[in-house]
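Data block below; observations after.
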Amino acid sequence: GDSVTQTEGPVTVSESESLIINCTYSATSIAYPNLFWYVRYPGEGLQLLLKVITAGQKGSSRGFEATYNKETTSFHLQKASVQESDSAVYYCALGDTGYQNFYFGKGTSLTVIP
Amino acid sequence: EAAVTQSPRSKVAVTGGKVTLSCHQTNNHDYMYWYRQDTGHGLRLIHYSYVADSTEKGDIPDGYKASRPSQENFSLILELASLSQTAVYFCASSDAGRDQDTQYFGPGTRLLVL
């Protein structure tokens, strides 16, 4: 089936350290999957962090980046130096142009210690 | 200001009672969605709508009804609330155009059924 698996949280990192949150996907019914990272800050709704719709491409936003790897079916989120303001829950998601086919991972809670 | 709002933000309901969750968007989007998230799980799609006065079943529609009386408003109705429906509920909207797979979320409603 179609699904997303991401790093189990919670994850705690010190400020200025690097971060990687793993995401792998299975897209058996979606011919051309699009991949997303959403972020939810405390008290707010999920908001799009970055999106990549073409295999082999990299998306980036706010210092975060993720590469769509079709061979390894992965879309890991990375940041070279995290800040306390990056503390949030991060969701990897899989979708296609059909709006009803959208799959979220469980979310990874990140806490950045100053 | 927030483009997708939800009310109430939290609610305590009794088993067997009726619960209505409301969502309002000012994005001028055609598509709207209701998801639920349980602890340790990703978001799962309950109902969605791509036009006013029409709703569609998502992946887990049992026990829920939806209503889309206008483009801006989308409600989720639990006619007979059950303990298993305790969760956080998210509403989202998306455009009908090429960017339809980018969803904009509300802050969530935390529902506790006792």
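Here the structure is a predicted model, which is why all the values come from computation and not from measurement. The analysis underlying the following values was restricted to heavy atoms, covering all of them including side chains, and did not include hydrogens, waters or symmetry mates. Proteins get letters first, then strands, A, B, ... in listed order; numbering begins at 1 in each.
Inspection of non-hydrogen atoms places A/Phe104, A/Gly105, A/Lys106 of residues 104-114 of chain A under 4.5 Å from chain B. Contacts between residues 9-17 of chain B and chain A, counted as heavy-atom pairs separated by less than 4.5 Å, involve B/Arg9. Within residues 37-48 of chain A, the residues having any heavy atom less than 4.5 Å from a heavy atom of chain B are, in residue-number order, A/Tyr38, A/Arg40, A/Gly43, A/Glu44, A/Gly45, A/Leu46, A/Leu48. Scanning residues 105-114 of chain B against chain A with a 4.5 Å non-hydrogen threshold yields B/Phe105, B/Gly106, B/Pro107, sorted by number.
Side-chain heavy atoms closer than 4.5 Å link hydrophobic residues (I, L, V, M, F, W, Y) into clusters, and following such links, possibly through other members, connects A/Ile30 to A/Tyr25. When hydrophobic clusters are built by joining Ile, Leu, Val, Met, Phe, Trp and Tyr residues whose side-chain heavy atoms come closer than 4.5 Å, directly or via intermediates, B/Trp34 is not grouped with B/Ile77. By the criterion of side-chain heavy atoms lying less than 4.5 angstrom apart, applied directly or through intervening Ile, Leu, Val, Met, Phe, Trp or Tyr residues, A/Leu49 is grouped together with A/Tyr68 in one hydrophobic cluster. With hydrophobic clusters built from ILVMFWY side chains whose heavy atoms lie under 4.5 angstrom apart, A/Val89 does not share a cluster with B/Tyr89. At a threshold of 4.5 Å between side-chain heavy atoms, the hydrophobic network of Ile, Leu, Val, Met, Phe, Trp and Tyr places A/Val4 and A/Val11 in one connected group.
For B/Gln37, the part lying under 4.5 angstrom from a heavy atom of chain A is the side chain only.
Counting non-hydrogen atoms of neighbouring residues, nucleotides and ligands closer than 6.0 angstrom, the CD atom of A/Glu8 reaches no more than 12 such neighbours.
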